Chemist: 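Have a look at this one.
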Amino acid sequence: MKVGFIGVGNMGGPMCRNIIKNTNHEVVVFDLNPDAVKACTELGASSGASVADVAAGCDVVITSLPLPKIVEQVTLGDGGIAQNARPGTVFIDLSTNSPATAKRVNDGMKAKGIAMLEAPVSGGTARAAAGTIVIMVGGDEAVFEQNLPLLKSFSGEVIHLGEVGFGSVAKLINNMLAFCNSAAAAEALMMGKRSGIDLHKLDAVIRNASGMSSGYANMATKALAGNFAPTFALDLAHKDLRLAMELADEVGVPGMIAPQVLNLMRMARGMGMGPDDSTSMIRVYEAALNEEVRAP
Ligand code: NAD
């Protein structure tokens with residue numbers, strides 16, 4: 001089978017490389033960034049000339065793109081997948097979108113005889129590289145079953161949630177929870193810093209106690225090392241939380257905690273940290289208190 005992969009960045013790159021390593025499929029990649037393409041062609045993928053070229057020549061087309069508007073442009077726009085893929089092609093979107101975007105893209109694909117699975121992922125770049133991410137899938141059950149071996153080739157857990165839209169719902173709720181944990185971790189670490197406690201020992205306690213979460217672990221690892229190089233950009237985390245707040249509005253759930261975290265992200269972006277890692281949220285506290293939380 002010929003698999004096209006469009007968007008081979010921080011997440012798409014390692015997921016695509018796992019398909020290359022773990023299957024016998026022929027893989028064709030396309031990305032605006034030539035270095036990202038090279039990291040996949042070095043492992044045996046070929047390089048597509050454009051979105052249209054990849055879409056026209058593949059049995060399955062996968063995307064992992066930063067923002068919903070880019071997903072819409074690459075899927076439904078001029079020169080996009082819907083215009084160029086053959087009827088019968090399967091389209092799998094691994095990006096994080098709003099449920100409404102996923103449904104709109106699904107309608108556009110359906111009109112062209114293309115079956116779609118929305119399949120947002122969670123686990124970050126380390127688990128993407130290890131092939132242990134979780135994939136949350138919305139879409140037709142038969143299409144899901146048919147593509148399960150491909151999805152399993154680059155993940156640890158694949159969960160089918162029902163029709164298109166529910167994958168995005170699960171992903172946005174999960175990420176809202178993770179960012180709240182991460183923001184609380186920033187506050188906790190700053191409290192630790194100002195109390196004078198040994199931060200490595202505090203960290204050892206939390207990692208073995210009830211305050212532990214993957215949001216905490218990620219924040220502590222990056223803040224203590226002072227490494228805010230983006231594995232998950234703050235701009236993308238902000239996009240996810242904004243979409244989660246839209247969902248909360250749609251379903252009428254009041255926000256007591258997450259809107260505060262969204263404000264923290266807005267502050268960090270206002271300070272110019274949008275392209276940095278999402279854990280840069282802690283640097284808002286650091287700037288306010290003129291003190292850094294570091295323990296290299
Ligand atoms: P990224 O910016 O590292 O990668 C996106 C890639 O898409 C880039 O290489 C970029 O050049 C490419 N691209 C952008 N526009 C394009 C276009 N028109 N045509 C072709 N390529 C294009 O982002 P990422 O962190 O890999 O995130 C991708 C998606 O996965 C996002 O929706 C994000 O929310 C989601 N996600 C990210 C993480 C994470 O930890 N980084 C975790 C889970 C989900």
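For reference, positions follow the sequence shown, starting with 1. Every value quoted in this text rests on a predicted model; they were computed, and no experiment measured them. Remember, it's 1-based here, ligands and their atoms both numbered in the order they're listed.
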Chemist: Between the main-chain N or O of Ala223 and the side-chain N or O of Arg294, is there a donor-acceptor pair closer than 3.5 Å?
Modeler: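 Here the side-chain-to-backbone pair exists.
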Chemist: List every atom of ligand 1 that sits less than 4.0 Å from any heavy atom of Ser95, numbering the atoms from 1 in the order shown and giving each element.
Modeler: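 Those of ligand 1 that fall under 4.0 Å from Ser95 are 32 (O).
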Chemist: Backbone or side chain, does any N or O of Gln73 fall under 3.5 Å from an N or O of ligand 1?
Modeler: no
Chemist: Would a distance-only check, ignoring hydrogens and angles, find a side-chain to backbone donor-acceptor pair under 3.5 Å from Asn18 to Ala128?
Modeler: yes
Chemist: Using a distance-only test with no angle check, is there a side-chain donor-acceptor pair under 3.5 angstrom linking Asn106 and Lys110?
Modeler: no
Chemist: Within a distance under 4.0 Å of any heavy atom of Gly124, pick out the atoms of ligand 1 and give their elements.
Modeler: 40 (O)
Chemist: Relative to the heavy atoms of Lys239, which atoms of ligand 1 are at a distance of less than 4.0 Å?
Modeler: 31 (C), 32 (O), 33 (C), 34 (O)
Chemist: Where is the nearest protein heavy atom to atom 40 (O) of ligand 1: which residue, which atom, and how far?
Modeler: Phe232 CB, 3.3 Å
Chemist: Using a plain distance cutoff, I'd like to know if Val74 has any nitrogen or oxygen under 3.5 Å from a nitrogen or oxygen of ligand 1.
Modeler: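 Between Val74 and ligand 1 (N or O atoms, distance only) the closest approach is not under 3.5 Å.
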Chemist: In the protein, which heavy atom is nearest to atom 4 (O) of ligand 1, and how far is it?
Modeler: Gly9 CA, 3.3 Å
Chemist: Within a strict 4.5 Å, meaning less than it, do heavy atoms of the Asn218 and Thr279 side chains meet?
Modeler: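 A side-chain contact exists here, since the closest heavy-atom pair is under 4.5 Å.
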Chemist: Any side-chain donor-acceptor pair under 3.5 Å between Arg86 and Thr89?
Modeler: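 No, Thr89 and Arg86 have no side-chain donor paired with an acceptor closer than 3.5 Å.
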Chemist: My understanding is that we take every heavy atom of each candidate and find the minimum distance to atom 11 (O) of ligand 1. Doing that for Asn33, Val71, Ile133, Asp31, which one comes out nearest?
Modeler: Asp31
Chemist: Which residue supplies the protein heavy atom nearest to atom 31 (C) of ligand 1, what is that atom called, and how far is it?
Modeler: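 Of every protein heavy atom, Leu65 O, 3.2 Å lies nearest to atom 31 (C) of ligand 1.
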Chemist: Using only heavy-atom distances, determine whether the side chains of Lys21 and Ser153 contain a donor-acceptor pair under 3.5 Å.
Modeler: no
Chemist: So, regarding Thr96 and ligand 1 (criterion: nitrogen or oxygen to nitrogen or oxygen, under 3.5 Å), is there a contact or not?
Modeler: yes
Chemist: Considering Ser64, Pro66, Ala128, which one's heavy-atom position lies nearest to atom 14 (C) of ligand 1?
Modeler: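 It is Pro66 whose heavy atom sits nearest to atom 14 (C) of ligand 1.
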Chemist: Could you check atom 23 (O) of ligand 1 against the protein and tell me its nearest heavy-atom contact, residue, atom and distance included?
Modeler: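 In this structure, atom 23 (O) of ligand 1 has Leu236 CD1, 3.5 Å as its nearest protein heavy atom.
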Chemist: State the atoms of ligand 1, each with its element, that fall below the 4.0 Å cut-off from a heavy-atom position in Phe30.
Modeler: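 So the answer, numbered in order with elements, is 19 (N), 20 (C).
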Chemist: Using modelled atom types only, decide if a donor and an acceptor are shared between the side chain of Asp140 and the backbone of Val143 within a distance under 3.5 Å.
Modeler: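 Flag set: sc Asp140 to bb Val143 pair under 3.5 Å.
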Chemist: Which atoms of ligand 1 are found less than 4.0 Å from any heavy atom of Gly7?
Modeler: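 In order of numbering, the contacting atoms are 7 (O).
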Chemist: Is the closest side-chain heavy-atom distance between Asp276 and Arg283 below 4.5 Å?
Modeler: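 Sidechains of Arg283 and Asp276: in contact.
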Chemist: At under 4.0 Å between heavy atoms, is it the side chain or the backbone of Asp240 that contacts ligand 1, or both, or neither?
Modeler: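 The side chain, only.
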Chemist: What part of Leu32 sits under 4.0 Å from ligand 1 if we count only heavy atoms: the side chain, the backbone, both or neither?
Modeler: both
Chemist: Which of the listed options, Asp235, Asn10, Thr231, holds the heavy atom that is closest to atom 41 (N) of ligand 1?
Modeler: Thr231
Chemist: Check whether the side chains of His238 and Arg266 place a donor and an acceptor atom closer than 3.5 Å, and report yes or no.
Modeler: no
Chemist: How far is atom 37 (C) of ligand 1 from the closest protein heavy atom, and which atom is that?
Modeler: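 Answer, as residue, atom name and distance: Met11 CG, 3.3 Å.
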Chemist: Compute whether any side-chain donor of one residue and acceptor of the other, for Asn97 and Glu118, lie under 3.5 angstrom apart.
Modeler: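 Distance-only check fails for Asn97 and Glu118.
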Chemist: Given side chains that start at C-beta, do those of Val51 and Asn84 come closer than 4.5 Å, heavy atoms only?
Modeler: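 No. Closest side-chain heavy atoms not under 4.5 Å.
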Chemist: Heavy-atom pairs closer than 4.0 Å: do any link ligand 1 to the side chain of Lys171, the backbone, both, or neither?
Modeler: side chain
Chemist: Closest heavy-atom contact between Lys222 and Phe228?
Modeler: O-CZ, 4.2 Å
Chemist: Counting non-hydrogen protein atoms only, what is the nearest one to atom 43 (C) of ligand 1? Give residue, atom name and distance.
Modeler: Val121 O, 3.3 Å
